Amino acid sequence: MKFDKQRSFRKSMTWVHTWTGLPVGWLLFAIFVTGTLSFYRLEITQWMQPETQQATIYDQGQGLTHATALLEEYGADAEQWTIGFPTARTPLYQVRWRVPEPEQGEAREGKPGSHNAAAKSEQQHSTAAPATDSAGKLKPQEGYRGMKYFMMDPATGQVITPRDTAGGEFLYRFHFQLYGMHWAIGRTLVVIATFFMFVAIITGVIIHRNIFKDFFSFRPRKGQRSWLDAHAATSVIALPFHLILTFSGLLFLAGQLVPMVAGAAYNGDPRGFLRDYRGGGNIEQPAPNPNNARLYDINAIAADALQRAPEGIDSINIKRPGKADAEISVTTLAPSLFGGKASLDDLRYDGVTGKFLPKEEPEHSAAETIWKFMLTTHMGLFATPITRALLFLSGVFGSVMIASGLVMWLVAREKDRQKLGYMPKGHRLVERLNVAAIAGLMCAVAGFFWANRLVPATQAERGEWEINGFFIVWGICLLHAIFRPHLHAWREQLLLAALGLMSLPLLNGLSGGNFIWQNLQQGQFASVGFDLTALALGLGLLFAARQVQLKIQAAKTLASPAEPKPRFNKRQADSLQEQ
Amino acid sequence: MILVNPIYTPLDRIGWLNTTIRCVLALFGAYAIAILMGSAIAITLAMPAKDATMSAIMLGFVAQLLAVLWVFHARTLIGAFIGLAIPAAAAAATLYWLTGAIV
């Protein structure tokens, strides 16, 4: 680009689009893929804990009673109880409690390994059969910040202890802070890449003048034109999604990129904004009441909550159970933009009298509404199954958009290479990185799920081993991409990823989980969805591998024009000879 | 007027240097715009601190985006630089006037 010459705005923006996209494209692809998968991170975790697929999941109305009994037995001295209800996304009850312990000053978030670290000491019972100690008591699983929990079959009340797994949580955390580095560095890298993405999207809109015309005119098998069409179509079809997700991605990590702005109105302390944003920081907590009092019947509370919120119950949270100032709050499945972490509405009750405590809804500014709306959309909170599927599909489009953009960088320079007569080093580097970052990542994802079933269920630190599997496969793919010819590397890695993903439904049934039809019968729809999605993604990759195969064959016939096509088939030729 | 009669410096004529300077301006200049304008907006908006900060962060990112686009659109390097310097100076002056410090 000659910047000292007269040039059109559109031409300058094309340059910006190309050069903001390429340097971060590989990282962005990984962020997009792991983020897209994270829309189903609960389902993924569940698939990776096949023990949960053995549950008889239909609640006969006894689930809550069983859950409460568990809490009374194991969490008698806890400061907080939480009963997570089975929902469409998670079929089991999750019964959690937290025992008060001295503050350890551990960071509230950004500790990717801490779940696994906590689980390490509990390895001896990583099987479906719950471990018991000498007194015949079950040993709970351990979560964040002193949280202990059981997973419980809704129908039987039986405790299920699934294997330790990195689960969907690994993909989710990789999405915003990568892995193997300090979380602050990972997040900074991600937010910088996000800003590049933001610039690339806006310049992309500027340069695609005929955005709708292009969209309705896909021209397959026309080289660069087809790549451009595919790139434009996947961008345009989910453009609002790409825009909202990218911009809200910036907002999520704004504290990492522009802490000065976040702190400007708080005497330079960005944490002031965070406290204010999370809310509750300014409210004086009354001194705890040490007197004991009987907790109100939770079944009655749940029945009342269902009257008020027919959408259903997500969880019930009991603060200071057994004390005179106990408080029960029911998080319902009714969406509420400003309703707590999961943007769900919650109903509060007095824990002793069971009296409903109406709350006053504070007013929210336009800025906060816009902000919250974008962040909520980004996280897929209170999405219905269909909205969630659309979000996932948009994420797939976004990933294809980035991948096709990366490939196009090379395709668009085909003529330059022909003119030069050789392959410049930079182009070869982009080729190799493209294969490893796109096809290689898909192999790594498949490898992650395979590692989940190949690493023994009782293996110590097995979550770490799943993650190792992910990176080992990715590393091998990088080496493979470096040493194999470009198109062959594409074909082989796409094929491997396709087979790896398509075989997951089979693997699930053979290694502790169920086959699709069994899960369908048992109402384990989350795992059915996982298996079908893996199958569909695998088919898509198989199609891509097939296209590369055709290209290799076309290149071969071009390369050997001396070999003429046989005019006759063999039998005809033979009969001719006989004559 | 500088935008009407572009002034080309010798730096403009060296292709790779021209591109490099624009990239540096887009990376760091535009970031400075986001910080300065965002901070200025955060303390001048007549809203509760939380809402003003949210608005400021969002507008700051938009300003950063526009700054990047401007840097590569501007005819000359001087034009690119002045286009960033004017809003940055205005925001810095606002900050200094209201708080006594720039950042």
Side-chain angles (χ1 to χ4, degrees), chain A residues 1-17 19-20 23 191-192 194-196 198-199 201-203 206 246-248 250-251 254-255 257-268 270 272-279 363-372 374, chain B residues 6 8-9 11-23 26-27 30-32 34-45 47-62 64-77 80 95 98-99 101-103:
Chain A
M1 171 65 100
K2 301 245 184 297
F3 277 112
D4 60 334
K5 295 272 161 21
Q6 181 86 356
R7 63 209 132 73
S8 69
F9 181 56
R10 198 157 163 260
K11 210 166 162 224
S12 309
M13 291 306 107
T14 308
W15 189 91
V16 177
H17 184 72
W19 293 103
T20 44
V191 71
I192 291 173
T194 310
F195 188 77
F196 275 69
F198 184 42
V199 174
I201 288 186
I202 299 295
T203 50
I206 293 169
T246 306
F247 194 67
S248 55
L250 282 175
L251 303 185
L257 191 64
V258 290
M260 306 79 156
V261 180
Y266 294 89
N267 297 320
F273 169 61
L274 264 188
R275 273 194 295 274
D276 213 359
Y277 174 67
R278 288 195 180 124
E363 294 215 354
H364 298 285
S365 66
E368 192 181 2
T369 308
I370 295 172
W371 178 293
K372 264 282 185 186
M374 287 197 288
Chain B
Y8 287 98
T9 59
L11 297 180
D12 276 290
R13 300 298 181 196
I14 308 168
W16 66 269
L17 195 56
N18 188 325
T19 309
T20 310
I21 293 173
R22 282 177 202 257
C23 288
L27 282 172
Y31 179 62
I35 299 283
L36 291 171
M37 289 189 65
S39 303
I41 293 169
I43 59 169
T44 45
L45 277 186
M47 294 183 190
K50 178 172 74 167
D51 301 318
T53 304
M54 287 180 168
S55 311
I57 290 175
M58 292 193 277
L59 293 173
F61 282 134
V62 173
Q64 189 179 355
L65 168 80
L66 295 176
V68 170
L69 301 193
W70 168 252
V71 163
F72 290 105
H73 171 58
R75 284 275 290 279
T76 63
L77 287 175
L95 281 169
L98 287 176
T99 66
I102 286 178
V103 171

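Values in this document were obtained by computation on a predicted structure and should not be read as measured data. First the proteins, then the strands, lettered A, B, ... as listed; each starts at 1.
For A/Thr203, the part sitting under 4.5 Å from any heavy atom of chain B is the side chain, from C-beta outward, and nothing else. Residue B/Ala40 does not touch chain A at all, counting heavy-atom pairs closer than 4.5 Å. In this structure, the portion of B/Tyr8 lying under 4.5 Å from any heavy atom of chain A is its side chain and not its backbone. The contact between A/Ile202 and chain B is made entirely by side chain atoms (from C-beta outward), counting heavy-atom distances below 4.5 Å. With a 4.5 Å cut-off on non-hydrogen atoms, B/Ala56 touches chain A through its backbone and its side chain both. No part of B/Leu66 comes within reach of chain A, as not one of its non-hydrogen atoms sits under 4.5 angstrom from that chain. Heavy atoms of A/Val258 lying under 4.5 Å from chain B belong to its backbone as well as its side chain. Within the 4.5 angstrom heavy-atom criterion, atoms from both the backbone and the side chain of A/Phe9 approach chain B.
B/Asp51 places no side-chain N or O within donor-acceptor distance of the main-chain N or O of A/Glu368, the cut-off being under 3.5 Å.
Taking the salt bridge (charged side-chain N to carboxylate O under 4.0 Å, His left out) definition, one finds that A/Lys372 meets it with nothing, sequence neighbours left out. Residues passing the side-chain hydrogen bond (donor to acceptor under 3.5 Å, both in side chains) test with A/Gln6, sequence neighbours excluded: B/Arg75.
Using a 4.5 Å cut-off on side-chain heavy atoms (C-beta onward), A/Lys2 and A/Arg7 make no contact. You'll find the side chain of B/Cys23 reaches within 4.5 Å of the side chain of B/Phe72, heavy atoms only. Side-chain contact between B/Leu69 and A/Ile206 is present, with at least one heavy-atom pair separated by less than 4.5 Å. Considering only heavy atoms from C-beta on, A/Lys11 stays 4.5 Å or farther from A/Lys5 through its side chain. A/Thr194 places none of its side-chain heavy atoms less than 4.5 Å from the side chain of A/Phe198.
Most heavy-atom pairs under 4.5 Å with chain A, from the set B/Gln64, B/Arg13, B/Met47: that is B/Gln64. Looking only at heavy-atom pairs under 4.5 Å with chain B, the residue among A/Phe247, A/Phe195, A/Tyr277 that has the most is A/Phe195. Across A/Ser8, A/Ser365, A/Ala366, the residue that shares the most heavy-atom pairs under 4.5 angstrom with chain B is A/Ser365. Note on A/Ile370, A/Ile192, A/Val199: by heavy-atom pairs under 4.5 Å with chain B, the leading option is A/Val199. Ranked by heavy-atom pairs under 4.5 Å with chain B, the list A/Phe196, A/Trp15, A/Trp19, A/Tyr266 is led by A/Tyr266.
To the nearest 0.5 Å, atom CG of residue A/Asp4 and atom CG of residue B/Asn18 are 6.0 Å apart.
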